[in-house]
Amino acid sequence: MLESVYGKTIADWITEFPLMKPLMEGAAVTWFNPAVVPVAQALDDIPLTAADVADASARLARFAPYLATVFPEVEQAGGIIESELIRVDRFARQVEQRYAVQQPVSLLLKKDSHLPIAGSVKARGGIYEVLYHAEQLALRHGLLNLTDDYRILAQPAARDLFRRHKIAVGSTGNLGMSIGISAARLGFDTTVHMSSDARQWKKDKLRSHGVTVVEYAGDYGQAVEQGRQDAEKDPSCHFIDDENSSTLFLGYAVAGERLKAQLTQAGIRVDAGHPLFVYLPCGVGGGPGGIAFGLKLAFGDHVHCIFAEPTQSPCMLMGVYTGLHDQLAVQDFGITNLTAADGLAVGRPSGFVGRAMQRMIDGYYTLPDDELFALLYLMQETEQLQLEPSALAGAAGFARVLAEQQGYRQGLGLSEAAWANAHHLIWATGGGMVPATEYAAYLATGKRVIPQTAG
Ligand SMILES: *Cc1c(COP(=O)(O)O)cnc(C)c1O
């Protein structure tokens, strides 16, 4: 048993921060952040603006014709990498039953699990940063003007340039997949540093794309650190830093305007009488943080973002709750950071994201791995939708919100009518690329645990 952490006894930690006790016990925790303020104010914490997101969006538009040429997966979509928005009513009914939710909800699901090229939410941030870097290089070497048709980048001159440059990243899997596959396809010399919890099939797949995979016995933090050090020694190498990259963050943020257009098209209103609650699985924080930023820019105070983490990797909850952010790792408190949700197996949150979003994210909750598997199984049974465990973290969120603990609804100033008319959206972050045998094993686990777990 731990006696003290950073000079404070565990008893003192718990006195000062009572939720540390259930967190350390691995219990499912829900916390609504009392420090949340209106968007107009919360934006002050973020060193980025709507103009930066518009710039990212414009860059993706410039690249679209090129992407449509080099990635057959997005040819039909005109080179725009985007996922479907669907209703999951059958799943909603099952989950309401499971968690004893009294009123039926309007439940939507964002299928980032099936984003082209990478099969996960990382197709947003990861590919965007690769493109950003490619553009900078091509501009600097006089091979490109901003007004050019970007298909010029598929020509030998640009490909030669990319071949002489390296891109490296540290990853638990999906970021490595999105950056590895896309950077290698553009022609970059690409290395992915992977932690022990990364799945074997992801390593195999990357290698089949010509990516160098370096494996580590340690966790995500170690893989990143080693990758970063290697890259620093090599000026031709660009290291993509998941914990601190504002480029990555902006790639994710473009999701806000994209979702807004999809909701409008589906005839779904988001306004004071129809708030939108969005549940985002959180690892290091860049993905959900960037998306939440984009959502706040798109919907203002009518959107409410909630982050979800495994009980053994509650790093963002802990960081924001204590205000100590990346100064703390879950392992400091004897929490294992061992979870089947490999996309969320992060022990130390991004300090950049935690600080930037600390007055903007309404709440955080944790759920055990068994519950991820149970939800995975229900998702298959009801919607025939294949997701990976990480992607289910958000699926329990509406039950936590509707439980109205800690006076959440009243704190938001929402009427009962607005509460009843709310839409809830699960951001399903990955799974489209999971091989059939892996997925069958996930389903079998889900089927086994489903009667035993809940809540
Ligand atoms: C990476 C990932 C997340 C979380 O993104 P972070 O930027 O690490 O917070 C969620 N789900 C899946 C499937 C992921 O791969």
Side-chain angles (χ1 to χ4, degrees), residues 83 109-115 118-129 169-181 192 194-195 197-199 202 219-221 223-224 240-253 255 278-294 305-310 313-317 319-320 326 337 339-354 356-357 361 364 367 372 375-376 379 386-395 397 426-434 438-439 442:
S83 70
L109 183 142
K110 187 73 174 127
K111 265 176 83 175
D112 275 15
S113 47
H114 292 74
L115 275 171
S120 82
V121 66
K122 303 297 194 308
R124 297 187 184 279
I127 296 176
Y128 175 70
E129 181 149 351
V169 65
S171 172
T172 57
N174 285 337
L175 185 66
M177 296 272 278
S178 100
I179 287 171
I181 292 171
V192 176
M194 277 190 151
S195 49
D197 40 19
R199 313 290 304 173
K202 293 183 180 174
D219 79 351
Y220 163 83
V224 170
I240 297 184
D241 186 340
D242 197 12
E243 291 171 27
N244 299 299
S245 171
S246 54
T247 307
L248 211 62
F249 190 85
L250 289 169
Y252 287 116
V278 180
Y279 307 98
L280 295 144
C282 181
V284 75
I291 292 169
F293 178 50
C305 300
I306 317 276
F307 285 6
E309 297 178 301
S313 305
C315 68
M316 189 59 79
L317 196 171
V320 176
D326 53 349
N337 191 32
T339 169
D342 52 349
L344 313 180
V346 178
R348 189 184 298 277
S350 161
F352 155 62
V353 174
M357 309 301 291
I361 306 305
Y364 305 78
L367 73 178
L372 296 175
L375 293 164
L376 183 145
M379 188 62 82
Q386 171 175 323
L387 301 180
E388 64 184 87
S390 298
L392 275 307
I426 299 166
W427 209 283
T429 46
M433 277 191 174
V434 174
E438 290 275 325
Y439 185 64
Y442 289 155

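One-based numbering, in listed order, for ligands and for the atoms of each.
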Ranked by distance from atom 14 (C) of ligand 1, the top protein heavy atom is K122 NZ, 2.8 Å

N or O pair under 3.5 Å between V284 and ligand 1: yes

- Show your reasoning for whether side chain to side chain contact (heavy atoms under 4.5 Å, CB included) applies to E309 and C282. CA-CA 6 Å; E309 297 178 301; C282 181; 4.0 Å; yes

### Task
Output, in order, the C-alpha distance, side-chain angles, deciding distance and verdict of side chain to side chain contact (heavy atoms under 4.5 Å, CB included) for V192 and M177.
CA-CA 8 Å; V192 176; M177 296 272 278; over 6 Å; no

### Query
Is the closest heavy-atom distance from L344 to ligand 1 below 4.0 Å?
yes

Atoms of ligand 1 under 4.0 Å from any heavy atom of N174, numbered from 1 in the order shown, are 13 (C), 14 (C), 15 (O)

Check your understanding: Is there a nitrogen or oxygen of G283 sitting under 3.5 Å from a nitrogen or oxygen of ligand 1?
Key -> yes

closest protein heavy atom to atom 11 (N) of ligand 1 is T429 OG1, 2.7 Å

Ligand 1 to P281, heavy atom cutoff 4.0 Å, flagged ligand atoms 4 (C), 10 (C)

> G285 near ligand 1, heavy-atom distance under 4.0 Å?
Replying inline: yes

Without swapping roles, check the side chain of S178 against the backbone of K122 for a donor-acceptor pair under 3.5 Å. yes

Please tell me whether S245 and E129 have a donor and an acceptor in their side chains that are separated by less than 3.5 angstrom.
yes

Short N/O distance, under 3.5 Å, between P288 and ligand 1? no

Item checked: Contact check: G287 vs ligand 1, nitrogen or oxygen atoms, below 3.5 angstrom -> yes

Tell me whether S390 contacts the main-chain N or O of G343 through its side chain, where contact means a donor paired with an acceptor under 3.5 Å. yes

Rounded to the nearest 0.5 angstrom, the OG1-CG distance for T429 and L344 is 6.5 Å

When rounded to the nearest 0.5 Å, the distance separating CD of E388 from CG of L372 is 11.0 Å

